[in-house]
Amino acid sequence: MDIKVPRGTQDILPSETAKWQVVEELIRETCRVYHYKEIRTPIFEHTELFTRSVGDTTDIVQKEMYTFQDRGNRSLTLRPEGTASAVRAYVEHKMFGYPDQPVKLYYMGPMFRYERQQAGRYRQFVQLGIEAIGSADPAIDAEVISLAMALYQKAGLKKLKLVINSLGDTESRVAHKEALVNHFEPHIEAFCSDCQNRLQKNPLRILDCKVDRNNPLMETAPSLTDYLNEESAAYFEQVKEYLNILNVPYEVDANLVRGLDYYNHTAFEIMSVAEGFGAITTLAGGGRYNGLVEELGGPASPGIGFAMSIERLLLAIEAENNTWEDLATLDVYVIAMGQAAKKKAVELTYSLRQNNITAEMDYLDRKMKSQMKSADRLKAKFVLLVGDDELEKQSAMLKDLSTGEQQLVPFNSLLEQLQNNLTTQLEEEKND
RNA sequence: GCGGUUGUGGCGAAGUGGUUAACGCAUCGGAUUGUGAUUCCGACAUCCGGGGGUUCAAUUCCCCUCAGUCGCCCCA
């Protein structure tokens, strides 16, 4: 065996899929309650979609995209994020014309970024994305943020930190960027090489730099908050007010910057503060993108959304020591002794399944003892035993593995008997 | 892209420059001709990620390479 999964990808094995299903179910239910509808878009798009929306100076576009030529010489890219696709679909299907605005969408599926793997980071990973397009009401900002928080709470997470900031509108951002460049440029040679690159590209990131955090120029750098124009500042105030109304605790971090170009106004990030988490603690991130629909050819329509990583959600749940209900249950294990009995066992197993009873049997012609061990290991509730004696009596031995009790039951009343036993066992569990 | 670390059977994990590579778990067989625990007995790595080198001899030393993993950058 020398072919392995490609770097940064993983197989999610049967022993793991149960928890994925639990989380996925929780997510769909939450989205339903918040009245977001699922949209499914292709896993690859025209490359231009991402260069135009995400921004061609961003890390994602510059070094992380899986881009390829198809046989028709088109440049396609495995989607690195979902907002661009959702907005593309919004424009393409003229959802701006829908009577009910904002259009509220969610999607869940794999995203792809070419990066070195590390704890909580993969080249193929699964994101839940939420988008509300068509409203510039600060209340919907609060709704989107609270949806994310509600989801984590339902998943049992407590050690969370919500950080918000306002990037302001274009006017505010341009003014601030100019101020930053003026502030750092005269002394930029004192900064790390990354920061020197950031100066023109994205000076906001300099504020975030860990290498240069002790440089005195950091303290005196112009804050984004001071450069918000009146309208942007007022908008941000209202978002905070709505979060207060919803009792969603947050911290304002004036240095919070998101990596994608299309963001403006509200930006937020949710982190896990659980110990035992890896170096990457961001569970979800999002923000407002008021210019994006227009950028992709639609009418000016404001939007806001977020993306959260399912892998990181799972990691966070584990880091907080929450446990998973074991969903893999087996009602009946059918044991056959001898070839004649095997034929009956095959038939019985099939009919049980026809009646929604989870059933399994041995396909290795193993001895009875081995089959019993399998039934035990698989945590079967009941065993149905068929041998020559039983065949003669047109019956099967029905054994309750939890009590060890067994009784001979005629074939023709087996189904009824089993269904009775299963329901009484279920009720007893409830009473415990 | 850069750096740390690891790479021995299905899994976990010891180990040494030299005739049979510990041990634990799991699995299979038997003790127990048709019953799950425990116990006891037995089986289970022509080979120690791959390639090259040093050596009389390498899983153990050196080099290269590949892979996993963690971290930096950045992000979900």
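Residue numbers begin at 1 in each chain, while the letters A, B, ... track the order of the sequences. Everything numeric here is computed off the predicted structure, so don't read it as measured data. Worth knowing before you read on, the calculation uses all heavy atoms, side chains too, and leaves out hydrogens, waters and symmetry mates.
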To check you understand the geometry: which heavy-atom pair defines the closest contact between A:Asn264 and A:Gly168, and what is its length?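 Looking at all heavy atoms of both residues, the shortest contact is CB-O, 3.3 Å.
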
What is the distance, rounded to the nearest whole Å, between atom [atom1] of [X] and atom [atom2] of [N]?
X        : N      : atom1 : atom2 : value
A:Phe277 : B:rC75 : CZ    : C1'   : 13 Å
A:Asp362 : B:rG36 : CG    : P     : 16 Å
A:Glu390 : B:rU35 : CD    : C1'   : 11 Å
A:Met337 : B:rG34 : CE    : C1'   : 5 Å
A:Gln371 : B:rU27 : CD    : C1'   : 16 Å
A:Arg312 : B:rC75 : CZ    : P     : 11 Å

Any idea which of B:rA37, B:rG29, B:rA76 is nearest the A:Gln127 side chain?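 So the nucleotide nearest the side chain must be B:rA76.
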
Consider the side chain of A:Thr282, meaning its heavy atoms from C-beta on, and name the nucleotide among B:rA76, B:rU35, B:rA37 that approaches it most closely.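 Nucleotide nearest to A:Thr282's side chain: B:rA76.
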
Show me the dot-bracket string of RNA chain B, counting Watson-Crick or G-U pairs under 3.5 Å, with | for pairs to another strand and [ ] for crossing ones. (((((((..(((.....[....))).(((((.......))))).....(((((..]....))))))))))))....

Under 3.5 Å between N/O atoms: give me all the protein pairs with nucleotides 66-69 of chain B, atom names plus distance.
| from | atom 1 | to | atom 2 | distance (Å) |
| --- | --- | --- | --- | --- |
| B:rG68 | OP2 | A:Arg7 | NE | 3.0 |
| B:rG68 | OP2 | A:Arg7 | NH2 | 3.0 |
| B:rU69 | OP1 | A:Gln117 | NE2 | 2.9 |
| B:rU69 | OP2 | A:Gln117 | OE1 | 2.9 |
| B:rU69 | OP2 | A:Gln117 | NE2 | 3.0 |

Answer yes or no: does a side-chain N or O of [X] lie under 4.0 Å from OP1 or OP2 of [N]?
X        : N      : result
A:Lys369 : B:rG34 : no
A:Arg377 : B:rA26 : no
A:Ser309 : B:rC75 : no

